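Working notes, structure below.
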Amino acid sequence: MNVVVVESPAKAKTINKYLGSGYKVLASFGHVRDLPAKDGSVLPDQDFEMSWEVDSASAKRMKDIADAVKSSDGLFLATDPDREGEAISWHVLDLLKKKRVLGDKPVKRVVFNAITKKAVLDAMANPRDIDVPLVDAYLARRALDYLVGFNLSPVLWRKLPGARSAGRVQSVALRLVCDRESEIERFVSEEYWNISALLKTPRGDEFEARLVSADGKRLQNRAIKTGDDANRLKALLEGATYVVDSVEAKPVKRNPSPPFTTSTLQQAASSRMGFGASRTMQVAQKLYEGIDIGGETVGLITYMRTDGVQMAPEAIDAARKAIGEQFGDRYVPEKARFYSTKAKNAQEAHEAIRPTDFNRTPDQVKRYLDADQLRLYELIWKRGIASQMASAEIERTTVEILASNGGEKAGLRAVGSVIRFDGFIAAYTDQKEDGEQSDDGDDEGRLPPINERDNLAKQKINASQHFTEPPPRYSEASLIKKMEELGIGRPSTYAATLKTLSDREYIVIDKRKLVPHSRGRLVTAFLESFFTA
DNA sequence: CAGTGAGCGAGCTTCCGCTTGACTT
C-alpha cells in the first residue's frame, strides 16, 4: 500500500477512487505548519533562520499521515502544482523525517494538472523530486511577509493610535482605495456637448446620427466645450440638407471570454447578482464539496480558488458534445478554444472554474440547490460552456452623412449592428460593472435600410449638455481585478484581505463601493511618507 | 484610618497563504 498526500479532503476522495485500494489518499488540509505569531520567528542576522510551529489541528492530521506511512510501502507527495503546494510537500516530508517513520521507503513528488482519471494516472507514472528553488521562493515569500508585517504594524501602534496593521498586500490594497479617493476629490468636472440629428430615409424610417465633423475638421470626443459652440453647430444643422455619403457593412466576429477564475467569478457574481466576494466563495465552496443529488453527493464544480483559465482536454470534449446537443452543431466551432492567462504572478496550478459535468444543466440540478447555489452554478455553467462555443457573427453598418448649409459643411455618422449568428451569446454575454465605460459604443441597435446618395429629411436636432465624471470608487470586484493585475494577493486571500481592511476600520463598504475611512487614509499617508522605497 | 487618585509599568495587538470544520451568536 502507498500513501498519497494531497491538500484538500474533497480531492483526496476523488483521487482515491481513481487509484484504487492499493493507495491511501490523505489530506493535509493546506499548510501543516507556520511561523509562530511572535517576535523572533525569522532571524535576519542568522541567515534568516526560520522557526516552525505545528498547530494542534495540523498535529492531528500529521499523526494520521505518519501512522499511515509507517505501515506503507512508499509515499507520494501530491500537493498542488504551485509554490505553496511545493512548500507543503517539503514541510510534510520534513516532519515525517523528524518522526522517523519513513525508513528507506521511496518518496516521490507528483503533480496533477487536472483531477481526471487520465491526468492522475499519468502523473503517478511520472514522479519527480521536490523542486528546491520553488521551496526557496516560498521561504523568501514567507519570511518577507513576516518581516514586513511584524515590523511595520508595531510602528503604527506606537505612532498612530487606532491603527492596527500593515502588510505587503493589505497596505497596497488600501493605498489603491485611498489613491482613487484622492483622484475623485481632485477631479474637476468639464462641460461638453453632444449633438445628434434625427433623420428620415426616403422610405420613411427614422434613425439617429451623431455629429462627427464640422468645417472639415474631425470633432474629437468632448470637443464641443460650450453652449455657444453647440448652438452655432446646431443652427448649422437646423438649416442643412442631408445626403448619405457612404454606407459600409462589415462583418465583425466576437469571441467568448475564457471560463472563470476566482477573480473573474467574483467580479461577475458581484456585477450580476450583487454578491460580495466572501459570499461568492462560500457558495462556490459548497458547490465544489458536493451537493446531495438524489442520494448521491457530487461535486458540481471544479476547484474555486484558481488563477488558471485552461480546461482539461476531457472537459473540452464534454463541453463540445454538450454544445452540439443543447444548442446545435452550428454552435460547435471547428477547433477547440485554448486560453492563456494574462494575470501577473499566475501559477495556474488548477483548472479554470467549470462544471464537473457539462451535461448537468442548471435546470436539472435546480431542485437540489438553494437560490444562491443555483444562481452561481448557472453562471459558471453558462460561462464555461460559452467559452467553447462558436464566435458570434455581427454585421456592423456605418453610415456617413454629409450635411450642407450654404458653404458650410458637417459630417454625421450612424452606426448600427445586427447579430447574424448569435454563437456563444446564446449562452452567456459579459456585463459591464456599473461605472465602467463600454469600450466601443456597442449599445447601438439596428439601422433601417439606407442607400448611398439617399436624401434624408431632418426631423429634429438634439444638443445635450454633459459633464465629465470622476473615476468611480472601487467595488470589491474591481479592486480584486486590479490586485490580480498587479500581482497582489492570491485567489485564496482576495476575500480575506478585504475583510481585514474593513475589520481594521480602514475602509467601509457603502452601496457596494469601497470608501476609505479617515483612519485608513492616515495609515496610507503615514506609510507613504516614511516608508517609500 | 480608609478611601481616592495620580502616576507608572506590564501586557496585548500584527504578516500572508494554504486548507476545512469546530466553535459561538
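What you are looking at is a predicted structure, and each value in this text was computed from that prediction instead of being measured. Here is how names work: the chains are called A, B, and so on, in the same order as the sequence lines, proteins then strands, and each is numbered from 1.
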Review point. Listed in order of residue number, which residues of residues 28-63 of chain A have a non-hydrogen atom at under 4.0 Å from DNA chain B?
Key: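 Those residues whose heavy atoms fall under 4.0 Å from DNA chain B, taken from residues 28-63 of chain A in numerical order, are A:Phe29, A:Gly30, A:His31, A:Asp34, A:Ala37.
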
Point to revise | DNA chain B-proximal residues of residues 519-527 of chain A, any heavy atom under 4.0 Å | key: none

Over how many whole Å does the gap from [X] atom [atom1] to [N] atom [atom2] extend?
X: A:Asn151; N: B:dT13; atom1: CG; atom2: C1'; answer: 15 Å
X: A:Leu134; N: B:dC18; atom1: CG; atom2: P; answer: 12 Å
X: A:Arg490; N: B:dG17; atom1: CZ; atom2: C1'; answer: 9 Å
X: A:Tyr288; N: B:dC18; atom1: OH; atom2: C1'; answer: 12 Å
X: A:Tyr303; N: B:dG17; atom1: OH; atom2: P; answer: 14 Å
X: A:Gln347; N: B:dC18; atom1: CD; atom2: C1'; answer: 12 Å

Looking at every strand, decide which applies to [X] at a 4.0 Å heavy-atom threshold: base, sugar-phosphate, or nothing.
X: A:Val169; answer: sugar-phosphate
X: A:Arg158; answer: nothing
X: A:Gly489; answer: sugar-phosphate
X: A:Tyr494; answer: nothing

Point to revise | A:Asp73 and A:Lys105 ion-paired at < 4.0 Å | key: no

**Study point:** Charged N-O contact under 4.0 Å between A:Arg519 and A:Glu505
**Key:**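 Salt bridge: yes.
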
Check your understanding: So, is A:Arg141 close to the B:dC18 phosphate, meaning a side-chain N or O under 4.0 Å from OP1 or OP2?
Key -> no

**Study point:** Under 4.0 angstrom between A:Ser153 side-chain N/O and B:dT13 OP1 or OP2
**Key:** no

Check your understanding: Can the positive tip of A:Arg83 be found less than 6.0 Å from the middle of the six-membered ring of A:Tyr138, inside 45° of the ring normal?
Key ->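 No, cation not above the ring by the 6.0 Å, 45° rule.
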
Practice item. Answer with yes or no after comparing the ring centroid distance for A:His517 and A:Tyr506 against a 6.0 Å cut-off, counting only values under it. Key: no

Check your understanding: For A:Arg83 and A:Ala10, take the nucleotide of DNA chain B holding the closest heavy atom to each; which residue's nucleotide lies nearer the 5' end?
Key ->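 Between the two, 5'-proximity favours A:Arg83.
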
**Study point:** Whichever of A:Arg504 and A:Asp80 has its nearest DNA chain B nucleotide further upstream toward 5'
**Key:**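 Its nearest nucleotide being more 5', the pick is A:Arg504.
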
Check your understanding: Taking atom types as modelled and ignoring hydrogens, do the side chains of A:Tyr377 and A:Arg375 form a donor-acceptor contact shorter than 3.5 angstrom?
Key ->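 Side-chain D/A pair, A:Tyr377 to A:Arg375: absent.
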
Check your understanding: Going by 5.5 Å between centroids and 30° between planes, is there a stack of A:Tyr146 over B:dC16?
Key ->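 Stacking is absent between B:dC16 and A:Tyr146, given that the ring centres and planes do not meet under 5.5 Å and under 30°.
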
Review point. Which nucleotide in the set B:dT20, B:dC15, B:dG17 lies at the smallest distance from any side-chain heavy atom of A:Pro9?
Key: B:dT20

Exercise for review: Please work out whether the ring planes of A:Tyr428 and A:Phe260 are parallel, tilted or perpendicular, with thresholds of 30° and 60°.
Suggested key: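 Perpendicular.
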
Point to revise | Atom pair CH2/CZ of A:Trp381 and A:Phe358 - distance to nearest 0.5 Å | key: 8.5 Å

Exercise for review: Return yes if the base of B:dC18 and the side-chain atoms of A:Arg305 contain a donor-acceptor N/O pair under 3.5 Å, otherwise no.
Suggested key: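 For A:Arg305, whose side chain was compared with the base of B:dC18, there is no donor-acceptor pair (under 3.5 Å).
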
